[in-house]
Number of protein chains: 2
Amino acid sequence: MKYQEAKEKFISTWGSLGTLWGINKAMAQIQALLFISTKPLSMEDIMEELQISRGNTSMNLRQLIDWGIVTKVLVSGERKEFFTTEKDVQELARTIAKERSRREIKPVIKVLEEVSSIEDDGTKKTQELIKQTKALKELTDDLDTLMNKLVNQKQNWLTKSVLKLMK
Amino acid sequence: MKYQEAKEKFISTWGSLGTLWGINKAMAQIQALLFISTKPLSMEDIMEELQISRGNTSMNLRQLIDWGIVTKVLVSGERKEFFTTEKDVQELARTIAKERSRREIKPVIKVLEEVSSIEDDGTKKTQELIKQTKALKELTDDLDTLMNKLVNQKQNWLTKSVLKLMK
DNA sequence: TTAAACTTTCAATAATTATTGAAAGTTTAT
DNA sequence: ATAAACTTTCAATAATTATTGAAAGTTTAA
């Protein structure tokens, strides 16, 4: 496998993984492209490389910027904008974990809390609802905390030592 | 908030969470419904409760069974089939983690491995591709292993102690 | 065996989500 | 001020994904 093929494989795999994780294809592909690029890319570069429209590129770049994954960079002597993505995988994971927690997990925990704290009217079905949503709430809470803590360990000693402990 | 409202809120929240995680809405809602039900439900029950068609119910139940989350149960004296879901959240998490790892994460690791082991032709861009996909591969591998180990601890002592350690 | 009770399949259709492209908007250089 | 260079917006359209419902398939009881 040569460079071009490998690059395309990486970008398309990352793209379809994105879809699976609630991030759209173009967004994931743009991030992938920037991730392996040796220098910041302009909108033109991205459009050309991924064969997508200007509008699409613009909208998805904005989303990536909202996620905190991509940043605009100024290239001196150039008028147009250039973009790069976070290049350190640890930092990338940290950002994604934080955003997913904020956007997806926290709101669910909130609903589970509300549902699990309805008044117990003594019926079996109400008790089951309370019991099960409470259990789900606790699990979700634990996993969310764990994920954030793990991924926030800058030095990553914890992941390493926990892994070693278990391997 | 009374029972009916709480139930609907739970089912619809779980349903849209599903969409976000690559599981379709009906599938997630069926699971949610079974999760808070005090007894196994028939296809009729599910169709009625969620207002979805027979075909949809049948297909999504099958998927849930494929995932290992839902099982058929025989109710004596009844001809039709009844269904329940795993009621223990820990076990549920274990099953989901294992399946997601197998279906989604492992294949990505494989691609990353392939891409990161292309021949280094000495160019900057090839070296960047190799370096970045290798880093991504290692991170994905670590997180996958960690997730599986964590979730596989039947007694859950590890999650608890790690959490305590960090709180 | 047969017919009623039940489940699955799948082509058609609906609903949702992504993408385009051109017009409107913004910035910068002169 | 104005026009060129560039970006954003958004209604229209395309692509994808989910859902329906009726026909085909299967199982069970008599």
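Labels below follow one simple rule: chain letters A, B, ... track the order of the sequence lines, proteins then strands, and each chain is numbered from 1.
Comment: A:Arg94 engages A:Glu91 in a salt bridge, judged by a side-chain N to carboxylate O separation of less than 4.0 angstrom. Under the 4.0 Å criterion applied to side-chain N and carboxylate O atoms, A:Glu128 and A:Lys125 are not assigned as salt-bridge partners. At a threshold of 4.0 Å, the pair B:Lys7-B:Glu49 counts as salt-bridged, since one of the basic side-chain nitrogens sits closer than that to a carboxylate oxygen. Of the charged side-chain nitrogens involved, at least one lies within less than 4.0 Å of a carboxylate oxygen, so that B:Asp141 and B:Lys137 count as a salt-bridged pair.
Defined by atom type and a distance below 3.5 Å, a donor-acceptor pair is present between the side-chain atoms of B:Asp45 and B:Ser42. Checked by atom type, the side-chain pair B:Lys25/B:Ser16 shows no donor-acceptor distance below 3.5 Å.
Shown here for B:Val108 and A:Trp14, the closest heavy-atom pair between the two residues is CG1-CZ3, 4.1 Å.
Using a 4.0 Å cut-off on heavy atoms, none of the residues of residues 29-39 of chain A approach DNA chain D.
Membership of an apolar cluster is not assigned to A:Leu74, as no side-chain contact below 4.5 Å to another ILVMFWY residue is traced.
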Expected list for residues 116-123 of chain A: side-chain donor-acceptor pairs under 3.5 angstrom, two or more places apart:
from: A:Ser116; atom 1: OG; to: A:Leu112; atom 2: O; distance (Å): 2.9
from: A:Ser116; atom 1: OG; to: A:Glu113; atom 2: O; distance (Å): 3.2
from: A:Ser117; atom 1: OG; to: A:Glu113; atom 2: O; distance (Å): 2.9
from: A:Ser117; atom 1: OG; to: A:Glu114; atom 2: O; distance (Å): 3.2
from: A:Asp120; atom 1: OD1; to: A:Gly122; atom 2: N; distance (Å): 2.8
from: A:Asp121; atom 1: OD1; to: A:Thr123; atom 2: N; distance (Å): 2.9
from: A:Asp121; atom 1: OD1; to: A:Thr123; atom 2: OG1; distance (Å): 2.8
from: A:Asp121; atom 1: OD1; to: A:Thr126; atom 2: OG1; distance (Å): 3.0
from: A:Asp121; atom 1: OD2; to: A:Thr126; atom 2: OG1; distance (Å): 3.2
from: A:Thr123; atom 1: OG1; to: A:Thr126; atom 2: N; distance (Å): 3.3
from: A:Thr123; atom 1: OG1; to: A:Thr126; atom 2: OG1; distance (Å): 2.8

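Scanning DNA chain C for stems, defined as runs of 3 or more consecutive Watson-Crick or G-U wobble pairs whose donor-acceptor distances all fall under 3.5 Å, gives the following ranges: C:1-30 with D:1-30.
Under the rule for a side chain to side chain donor-acceptor pair (under 3.5 Å), A:Asn56 has no partner lying at least two apart in sequence or in another chain.
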Self-check item: Letter per nucleotide, 5' to 3', of nucleotides 4-18 of chain C [B base touched, S only sugar-phosphate touched, - untouched; heavy atoms, 4.0 Å]
Solution: BBSBBBB-------S
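If you measure from atom CD1 of A:Ile46 to atom P of C:dT19, you get 14 Å, rounded to the nearest angstrom.
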